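For reference, the structure discussed in these notes is given below.
So you know, we letter chains A, B, ... as the sequences are listed, proteins then strands, and number each from 1. Every value quoted in this text rests on a predicted model; they were computed, and no experiment measured them.
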Amino acid sequence: MDPILDPLNKNQKIAVTHESGPLLVFAGAGSGKTRTITHRIAYLIREKNIQPYRILGVTFTNKAAGEMKERANKLVGESGIQPELRTFHSFGVRLLSGEIEHLDREKNFTIYDDIDQRVILKETIKELMIDPDRYNVRTLAGQISSAKDSLLDATQYSQKKSFKNSQKDNEFVQIYSLYEKKLKENNAYDFGDLLMVPVKLLQANQAVRKRWQERYQHIMVDEFQDTNPAQFELARLLSEKHRNIVVVGDDDQSIYSWRGADISNILNFEEYFPEAKTVRLEQNYRSTQPILDLAHKVISKNTRRQEKQLWTQQKTGKQPEVYGARNDYGEAEFVLNTIRLLEKMQNISPGDCAVFFRVNAQSRVFEEVFTRENMPYVLISSVGFYERKEIKDLLAYLKLLANPSDNNALKRIINRPTRGIGQKTESCLFEYAAEQEIGGIEALAKIVDSDLISSRAAGALNNFYNLYLKLRETINQPPVEIIETVLQQTGYIETIVEKEDRYTAESRMENIEELKRVAADYGEESANPNLIDFVEEITLLTDLDTQETEQSAVNFMTLHAAKGLEFDVVFMVGMEEGLLPHRNSEFDPERREEERRLCYVGFTRARERLYCCWSRSRRLYGNHQQNLPSPFLKEADLLGNNKPISSTPKREKIRSSKKLLGGFKRRSTRPTKKPPKIELNAGDRVKHPKFGQGTVKRVDRQNSSPIALIEFKKFGEKRLAIAYAELDKIN
DNA sequence: GGAGTCTTGTTTTTT
DNA sequence: ACAAGACTCC
């Protein structure tokens with residue numbers, strides 16, 4: 001019995017044992033893609049005696065990289081040296097720090113995320129005295145990222161895009177180059193740089209190129225259909241010497257073109273690697289045949305694809321169903337009722353069910369309905385944790401400690417929590433730094449002794465400088481402890497409690513706890529825990545990497561977030577013309593095909609049951625819309641000719657269930673402002689965050705939102721809306 | 001520095 | 001509809 005080869009089917013085996021040269025693996029949904037990659041790694045190490053560190057596997061997410069590591073380890077056994085399994089970006093970081101001597105950065109460079117990028121761009125525009133109204137910072141940031149993803153410099157990019165008027169072209173080049181200069185001054189790279197700079201370096205420097213090309217005898221790229229030009233070029237350059245590159249992907253699941261991914265990379269792979277062999281993995285181990293058939297009906301309408309057809313041994317199964325709802329609430333209620341029914345009749349747990357949206361905004365109604373009906377759910381979302389204010393603040397402290405040149409971090413926290421360093425003082429400091437051509441921290445040390453600022457400002461700055469020095473002393477401690485010290489020394493928590501309302505404060509504190517937990521985990525897992533690595537790791541981490549689906553809660557997510565996951569029961573909701581396919585793809589056939597792929601990704605997540613829902617009317621972004629069913633439903637033969645639109649199960653009146661399934665959890669929340677309702681009556685004693693203790697004199701319920709007249713000990717009588725005031729009952 | 005008001009932009013967001 | 005940011009005023 002061979003644990004590496006025996007569990008594989010014929011084509012998987014071909015891919016795993018492929019000797020040398022480029023190989024393109026078309027791995028359909030659920031065809032055992034990860035298994036193939038990990039078994040190949042194990043095969044190379046065990047059978048071909050390849051040194052693990054000479055194998056490079058690149059993925060897109062930390063989650064995927066982690067999963068591969070784990071599964072490969074199981075097969076090979078945890079020997080000391082591991083194969084290199086990384087995300088593209090973390091590989092980029094590794095290469096950059098290894099070759100830092102060839103670059104104009106210090107080894108402890110900071111990585112700027114999208115938000116940092118926007119902050120820098122705002123500054124840039126201001127400095128160039130360009131009217132900010134002429135640019136949307138988001139768009140601009142997107143353009144710069146997209147230029148970097150395509151390995152184009154400012155001029156090339158603006159020519160290609162042809163902004164039509166040369167003034168804008170000029171300005172764009174100006175903005176771009178000042179932005180680049182600022183990154184350098186801050187000793188920082190942005191996400192785009194993590195791919196582009198390694199490519200440029202490999203192209204320009206023969207010795208470096210040789211070193212890295214020599215190193216990797218075998219390279220594997222996961223989700224190849226989503227590579228952008230920079231990623232493609234990086235993979236190509238690295239594999240140039242040994243030419244052992246195996247790319248695995250599925251053109252039908254290419255859904256990130258708007259992020260620069262180029263489906264041609266996989267479709268035209270043989271053009272770039274003429275000697276490439278191709279293998280197709282078409283046996284599916286996930287879904288039933290009816291689901292696969294449905295998915296195929298839809299995806300086969302695409303023109304830009306490689307024909308392949310998934311099949312499974314699971315020939316029988318439930319037919320997918322459609323439900324046309326009257327409105328968005330009806331849609332959510334249908335989903336909820338169906339889940340209840342499945343739970344009761346089929347013993348299916350809500351945790352095995354998932355609801356997929358096209359846009360995040362769709363989740364709202366579902367959250368409302370599920371909360372009201374006590375059905376537990378988790379919103380799996382990718383925006384959140386690392387973008388939250390308190391997390392960004394704490395990270396800024398860490399970034400500054402790791403890289404004192406990071407003025408961006410310094411600006412963020414210099415007066416947070418507030419410590420009397422106002423705008424005036426701040427700009428004074430940074431103007432001085434610019435004049436002297438020194439970093440912000442250095443300027444800080446010097447300006448206190450100059451006569452450029454008032455004594456009060458100098459005092460405040462001096463205090464901050466001392467704080468900084470004190471924190472500096474901790475930089476060799478484990479990151480958790482650094483965070484702890486930062487919290488203590490800055491009084492961060494106290495400020496939150498004092499300044500924010502109770503619910504926001506609570507949520508912020510939970511987030512801080514979560515960050516500490518991440519730091520503690522890092523401390524335990526890393527061989528050599530240190531601040532710089534921790535900051536790097538955490539900037540490259542996203543919510544999607546850490547969030548887990550939940551046992552007893554229905555999973556809500558966008559179709560993009562669903563890629564790579566699978567569920568027993570899938571609800572595709574909002575299957576309407578204009579939503580899926582999204583209206584922005586209306587006149588663009590290529591984008592329309594991507595919408596179809598998105599639909600395909602959704603369908604193929606389902607193991608056993610698939611429900612497609614649409615709604616004749618819905619409210620989105622504040623206006624009512626009337627909708628037609630998605631053309632994809634027609635393509636799937638799910639719309640009968642003139643049959644009534646609704647199908648089983650019948651819509652039933654929602655009964656409030658007594659059973660509380662462990663309460664509902666909403667994990668990916670921003671701090672919520674809405675307090676839970678409390679009941680107040682005359683005579684109750686209450687506490688208010690600002691006004692302190694008081695007694696309720698009377699309650700006026702004539703309004704839609706009841707008003708309480710409260711006599712506060714220190715502030716006298718106040719009329720407060722119960723629903724909005726942060727009131728706590730006390731005894 | 002904070003509170004209140006106005007403006008803007010809402011597809012998806014692997015890093 | 002609704003939230004985040006910018007802007008304004010004390």
Side-chain angles (χ1 to χ4, degrees), chain A residues 58-65 86-93 111-115 117-119 122 132-133 136-139 141-142 145 148-149 189-196 222-223 225-228 230-231 253-261 356-362 364-365 368 381-384 386-387 389 415-425 495 499-500 536-545 557-564 574 578-586 591 594-595 597-598 601-602 618-624 670-674 690:
Chain A
V58 263
T59 63
F60 279 82
T61 64
N62 296 291
K63 201 175 173 187
R86 305 185 161 279
T87 64
F88 272 103
H89 289 82
S90 99
F91 176 80
V93 173
I111 300 161
Y112 280 173
D113 63 21
D114 299 2
I115 293 177
Q117 191 182 30
R118 277 178 232 159
V119 173
K122 252 180 242 163
D133 289 342
N136 175 329
V137 180
R138 269 180 111 103
T139 316
S145 300
K148 289 185 175 182
D149 285 346
Y189 283 124
D190 65 16
F191 278 141
D193 287 334
L194 301 183
L195 304 172
M196 183 187 74
D222 188 21
E223 305 278 16
Q225 76 281 357
D226 287 327
T227 48
N228 63 35
Q231 288 159 332
Q253 293 185 65
S254 166
I255 54 174
Y256 282 102
S257 72
W258 49 277
R259 287 282 255 147
F356 297 157
F357 315 109
R358 176 68 241 272
V359 303
N360 283 310
Q362 282 171 269
R364 199 183 188 82
V365 171
E368 215 176 286
S381 101
S382 51
V383 279
Y386 295 100
E387 289 187 8
K389 188 165 160 252
N415 197 31
R416 192 167 307 168
T418 50
R419 44 175 79 91
I421 303 173
Q423 224 173 12
K424 191 83 196 296
T425 314
T495 318
K499 299 263 166 82
E500 310 268 20
E536 172 208 312
E537 196 163 298
I538 219 166
T539 347
L540 295 181
L541 217 58
T542 68
D543 263 28
L544 250 29
D545 293 320
M557 67 195 82
T558 64
L559 284 162
H560 285 86
K563 195 170 81 164
L579 196 51
L580 180 68
H582 196 274
R583 52 181 50 77
N584 291 8
S585 69
E586 201 171 3
R591 288 169 84 177
E594 183 145 319
E595 297 292 312
R597 293 194 288 268
L598 215 36
V601 167
R618 81 167 61 243
R619 243 165 190 284
L620 210 56
Y621 309 126
N623 40 17
H624 282 279
R670 283 166 245 112
T672 7
K673 284 249 174 72
K674 271 204 193 107
K690 283 239 179 70

Rounded to the nearest angstrom, tell me the gap between atom CG in A:N623 and atom P in C:dA1. 9 Å
According to the 5.5 Å centroid and 30° plane-angle thresholds, does A:W258 stack upon the nucleobase of B:dT12? yes
Base, sugar-phosphate, or nothing: which does A:R583 touch, judged by heavy atoms less than 4.0 Å apart? nothing
Length of the CG-P vector between A:L559 and B:dT14, whole Å: 14 Å
With sequence neighbours left out, write down each residue that passes side-chain hydrogen bond (donor to acceptor under 3.5 Å, both in side chains) with A:Q253, or none if nothing qualifies. A:D250, A:R605
How many whole angstroms separate atom CG of A:D222 from atom C1' of B:dT15? 15 Å
Distance below 4.0 Å between A:K563 side-chain N/O and B:dT12 OP1 or OP2: no
Judged by each residue's nearest nucleotide on DNA chain B, which is more toward the 5′ side, A:G422 or A:D114? A:G422
Mind checking salt bridge (charged side-chain N to carboxylate O under 4.0 Å, His left out) for A:E594 and listing every partner two or more places apart, or none if nothing turns up? A:R597
Spell out, as yes or no, whether a donor-acceptor pair under 3.5 Å connects the side chain of A:N62 to the backbone of A:L540. yes
For A:F357 and B:dT13, give me the distance from atom CZ to atom C1', rounded to whole Å. 17 Å
Which is true for A:K122 with a 4.0 Å heavy-atom rule: it touches a base, it touches only sugar-phosphate, or it touches nothing? sugar-phosphate
Nucleotide of B:dT12, B:dT14, C:dG5 approaching A:T558 most closely (side-chain heavy atoms): B:dT12
Any side-chain N or O of A:N415 under 4.0 Å from OP1/OP2 of B:dG1? yes
A:F88: partners by ring pair (Phe, Tyr, Trp, His ring centres under 6.0 Å), with sequence neighbours left out: A:F60
Would you tabulate the nitrogen or oxygen pairs shorter than 3.5 Å linking the protein to nucleotides 7-11 of chain B?
unit_1 : atom_1 : unit_2 : atom_2 : d
B:dT11 : O4'    : A:H582 : NE2    : 3.4
B:dT11 : O2     : A:R358 : NH1    : 2.8
B:dT11 : O2     : A:R358 : NH2    : 2.6
B:dT11 : O4     : A:R591 : NH2    : 2.2

Distance-only, no hydrogens or angles: does the A:H560 side chain make a donor-acceptor pair with backbone N or O of A:I255 under 3.5 Å? yes
What integer distance in Å separates A:L620:CG from C:dC2:C1'? 12 Å
NA contact type, A:I421, heavy-atom cut-off 4.0 Å: base, sugar-phosphate, or nothing? sugar-phosphate
Just the rounded figure in Å: distance from P of C:dA1 to CD of A:Q362. 18 Å
Ignoring the backbone of A:L540, work out which of B:dT14, B:dG2, B:dT15 is nearest its side chain. B:dT15
When only distance counts, do a donor and an acceptor, one from the side chain of A:R259 and one from the base of B:dT15, lie under 3.5 Å apart? yes
Using side-chain contact (heavy atoms from CB on, under 4.5 Å) as the criterion, list what pairs up with A:R138, not counting sequence neighbours. A:R118, A:N136
Once you round it to whole Å, what is the distance between P of B:dT15 and CD1 of A:I115? 15 Å
With sequence neighbours left out, write down each residue that passes side-chain contact (heavy atoms from CB on, under 4.5 Å) with A:T539, or none if nothing qualifies. A:I111, A:K399, A:V535
Expressed in angstrom and rounded to an integer, what is the separation of A:L579 atom CG from B:dT12 atom C1'? 11 Å
C:dG5 versus B:dT12 - spacing of their P atoms, nearest Å: 16 Å
Do side-chain atoms of A:N415 reach the backbone of A:I421 as a donor and acceptor pair under 3.5 angstrom? yes
